There are 2 protein chains.
Amino acid sequence: MADIGGQTAAASKPVGLSRIQEKNRNLILEAALGEFSRYGFSGATVERIAAEAGMSKSNLLYYFASKEAIYNAALAHILDVWLAPLKTLDANGDPAEELAAYIRQKIEISASFPEASRLFANEVMQGAPQILPILEADLKRLVTEKSAIIDGWISAGKIKPVDPLHLIFTIWATTQHYADFSVQVRALTGRDLSDPGFKAETEMAVTSLILNGIGLDWPKEAASSA
Amino acid sequence: MADIGGQTAAASKPVGLSRIQEKNRNLILEAALGEFSRYGFSGATVERIAAEAGMSKSNLLYYFASKEAIYNAALAHILDVWLAPLKTLDANGDPAEELAAYIRQKIEISASFPEASRLFANEVMQGAPQILPILEADLKRLVTEKSAIIDGWISAGKIKPVDPLHLIFTIWATTQHYADFSVQVRALTGRDLSDPGFKAETEMAVTSLILNGIGLDWPKEAASSA
DNA sequence: TTGCATCTTGACCAGTTGGTCAAATCAATC
DNA sequence: GATTGATTTGACCAACTGGTCAAGATGCAA
């Protein structure tokens with residue numbers, strides 16, 4: 001299992017923690033996510049995180065040894081959720097349905113956890129100082145595995161030839177854009193993914209663009225069987 | 001003309017500056033771009049910018065009143081370059097050629113000025129504290145104008161119906177992804193846009209995906225005239 | 001050369017911030 | 001309810017950082 005600065009990447013709750021410890025660590029991680037995603041690592045302050053979590057700075061540092069430890073724990077905390085959708089891509093499923101489902105999940109996460117998206121984006125944009133090893137190991141393994149599935153669909157003539165990596169990058173880029181640049185999206189459209197109507201519209205636009213882009217029908221027409 | 005914290009958005013060199021002033025302001029802006037894009041506003045330090053520009057911190061503050069003033073000047077300095085490609089989208093051109101050219105320019109900029117891309121991304125992700133007014137005024141005006149062109153192409157039956165805003169967002173997201181997340185791209189592919197081969201491959205992949213996505217032929221086939 | 005404005009810098013200051021520590025408080029077990 | 005370990009906090013410290021200031025260095029025009 002990959003870890004970040006000693007923080008296990010799994011979202012599993014460490015078992016040896018008391019009731020108070022688990023409650024406080026969760027409060028801290030929740031507050032840290034908000035703070036780090038809003039201000040970045042340097043801009044965040046331990047004092048604000050503590051205040052947001054409802055405790056003193058000293059007490060926060062009783063639970064995490066340093067600011068960097070909090071940051072790593074917050075990163076580890078979101079990483080599983082972040083990578084989960086890609087894992088569900090199934091070689092035996094229908095390509096259109098599989099990719100549509102993947103895009104739907106990514107947009108759902110962008111809508112539900114925009115802070116997680118921004119935290120991750122921030123980390124990677126600064127050169128991924130903490131999670132580069134995970135990108136190079138775990139993520140690369142996962143992406144290589146799923147790229148093979150897409151290549152299989154191409155070989156079977158189910159989708160147009162396309163470099164699977166660029167397809168994956170395109171899906172990541174578009175879906176995360178709506179979370180990371182929500183301020184810009186809101187400035188231009190007046191809405192963002194927190195609006196259910198806009199979320200549905202975005203999902204349809206992105207899905208149909210990408211699926212049509214690789215030669216698939218979307219939304220699926222009953223034409224051939226009518 | 002829009003401005004940011006008193007800094008004119010135009011890249012025009014102020015005319016009333018001495019030779020020394022112009023040289024030093026440029027050195028500072030260059031250094032500031034590197035520093036702010038790498039560490040974000042909070043993480044950047046005036047001292048490092050000054051060192052990178054080859055002068056003392058005091059001297060830097062002789063040219064710019066504050067850290068925020070440097071930041072705003074750097075932002076203003078890149079904004080024109082950043083928005084230029086969209087301005088070239090021509091209603092009278094061929095949709096496929098026009099959009100392909102736009103994507104090509106965006107990728108070119110991502111490849112040539114990745115730091116500018118990251119600086120802009122950072123600013124927007126933090127809520128666009130400095131340039132929100134520009135997004136809401138200048139950018140919105142430009143995007144509205146170009147959306148009308150795309151809508152015109154749809155009405156003329158030249159491209160499939162698609163919300164122009166989502167199309168534009170998709171182009172922004174994909175092209176900028178390769179600059180902003182270059183570390184992740186490199187971790188997964190071993191290459192980035194600084195590699196001419198990878199840049200060409202990326203341009204082809206993104207262009208064909210998006211153009212096919214809206215019902216255009218790309219790369220253009222001579223099929224109909226053969 | 002001289003005089004003046006521009007340019008440059010080191011010393012310094014005040015506010016912020018991550019982190020330490022000893023003491024106080026709380027919770028659970030006997 | 002006494003004891004012991006876990007939890008919580010305020011006081012405090014050292015490093016860093018943005019910004020000021022007075023003085024010196026430099027460029028330039030007459």
Side-chain angles (χ1 to χ4, degrees), chain A residues 5-7 13-75 122 126 129-130, chain B residues 5-7 13-75 122 126 129-130:
Chain A
Q7 297 294 330
K13 317 291 181 189
V15 286
L17 298 184
S18 74
R19 185 177 43 83
I20 293 176
Q21 284 175 333
E22 182 171 331
K23 185 195 68 174
N24 281 341
R25 289 180 65 100
N26 281 340
L27 282 173
I28 292 168
L29 289 180
E30 201 65 32
L33 176 59
E35 178 77 5
F36 284 125
S37 69
R38 219 184 333 269
Y39 303 105
F41 178 78
S42 304
T45 76
V46 177
E47 179 112 37
R48 274 202 303 259
I49 296 173
E52 178 72 24
M55 67 186 68
S56 68
K57 184 178 63 167
S58 303
N59 201 23
L60 184 149
L61 288 166
Y62 169 73
Y63 288 100
F64 291 93
S66 67
K67 184 185 183 182
E68 195 179 319
I70 309 168
Y71 180 74
N72 285 332
L75 219 43
N122 224 299
Q126 315 256 322
Q130 304 296 330
Chain B
Q7 297 294 331
K13 317 290 179 188
V15 286
L17 297 184
S18 74
R19 183 177 45 85
I20 293 177
Q21 283 175 334
E22 181 171 332
K23 184 194 68 172
N24 281 340
R25 290 180 65 99
N26 282 339
L27 283 173
I28 292 169
L29 289 180
E30 202 64 32
L33 176 59
E35 177 77 5
F36 284 126
S37 68
R38 219 183 336 267
Y39 303 106
F41 178 79
S42 304
T45 78
V46 177
E47 179 111 37
R48 273 202 304 258
I49 296 174
E52 178 72 24
M55 66 186 68
S56 68
K57 185 177 62 165
S58 303
N59 201 23
L60 184 149
L61 288 165
Y62 169 74
Y63 288 99
F64 291 94
S66 66
K67 183 184 184 182
E68 195 178 320
I70 309 168
Y71 180 75
N72 285 333
L75 221 41
N122 224 301
Q126 315 255 321
Q130 304 296 330

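Naming convention: chains lettered A, B, ... in sequence-line order (proteins, then strands); numbering from 1 in each chain. The shown structure was predicted, so the numbers you read here are calculated from the model rather than taken from an experiment.
Taking 3.5 Å as the limit, the base of D/dG19 and the side chain of B/K57 contain a donor-acceptor pair of atoms between them. In the interface, the side chain of B/S58 is paired with the base of C/dG10 through a donor and an acceptor atom under 3.5 Å apart.
Of the candidates C/dT6, D/dG18, D/dT7, D/dG18 carries the atom nearest the B/T45 side chain, counting heavy atoms from C-beta on. Here the side chain of A/N59 is nearest to one of C/dC7, C/dG18, D/dT9, namely D/dT9. Minimum atom distance to the side chain of B/V46 is reached by D/dG18, of the listed D/dG18, D/dT8, C/dG18. With D/dT7, D/dT9, C/dG19 as the candidates, the nucleotide lying closest to the side chain of A/L61 is C/dG19.
Using a 4.0 Å heavy-atom cutoff across all strands shown, B/R19 reaches sugar-phosphate atoms only and no base atom. Among the atoms of the strands shown, only primed sugar atoms or phosphate atoms (P, OP1, OP2) are found under 4.0 Å from some heavy atom of A/A44.
Nearest-nucleotide assignment on DNA chain C puts the 5′-proximal partner with B/G54, out of B/G54 and A/F41. Sequence order on DNA chain D of the closest nucleotides to B/I20 and B/R48 puts B/R48 first from the 5' end.
Within the 3.5 Å criterion, the main-chain N or O of A/A53 finds no donor-acceptor partner in the side chain of A/E30.
Put simply, B/Q21 has no side-chain N or O that comes within less than 4.0 Å of OP1 or OP2 on C/dT6.
The closest side-chain heavy-atom distance from A/M55 to A/I28 is below 4.5 Å.
Ring geometry for B/F36 against B/Y71 counts as perpendicular: the plane angle is over 60°, on a 0 to 90° scale with 30° as the lower cut.
What separates CE of A/M55 from C1' of D/dT9 is a distance of 12 Å, to the nearest Å. Spacing between atom NZ of A/K23 and atom C1' of C/dC26 amounts to 12 Å, rounded to whole angstrom units.
For the residue pair B/Q126 and A/N122, the shortest heavy atom distance occurs at NE2-ND2, 3.6 Å.
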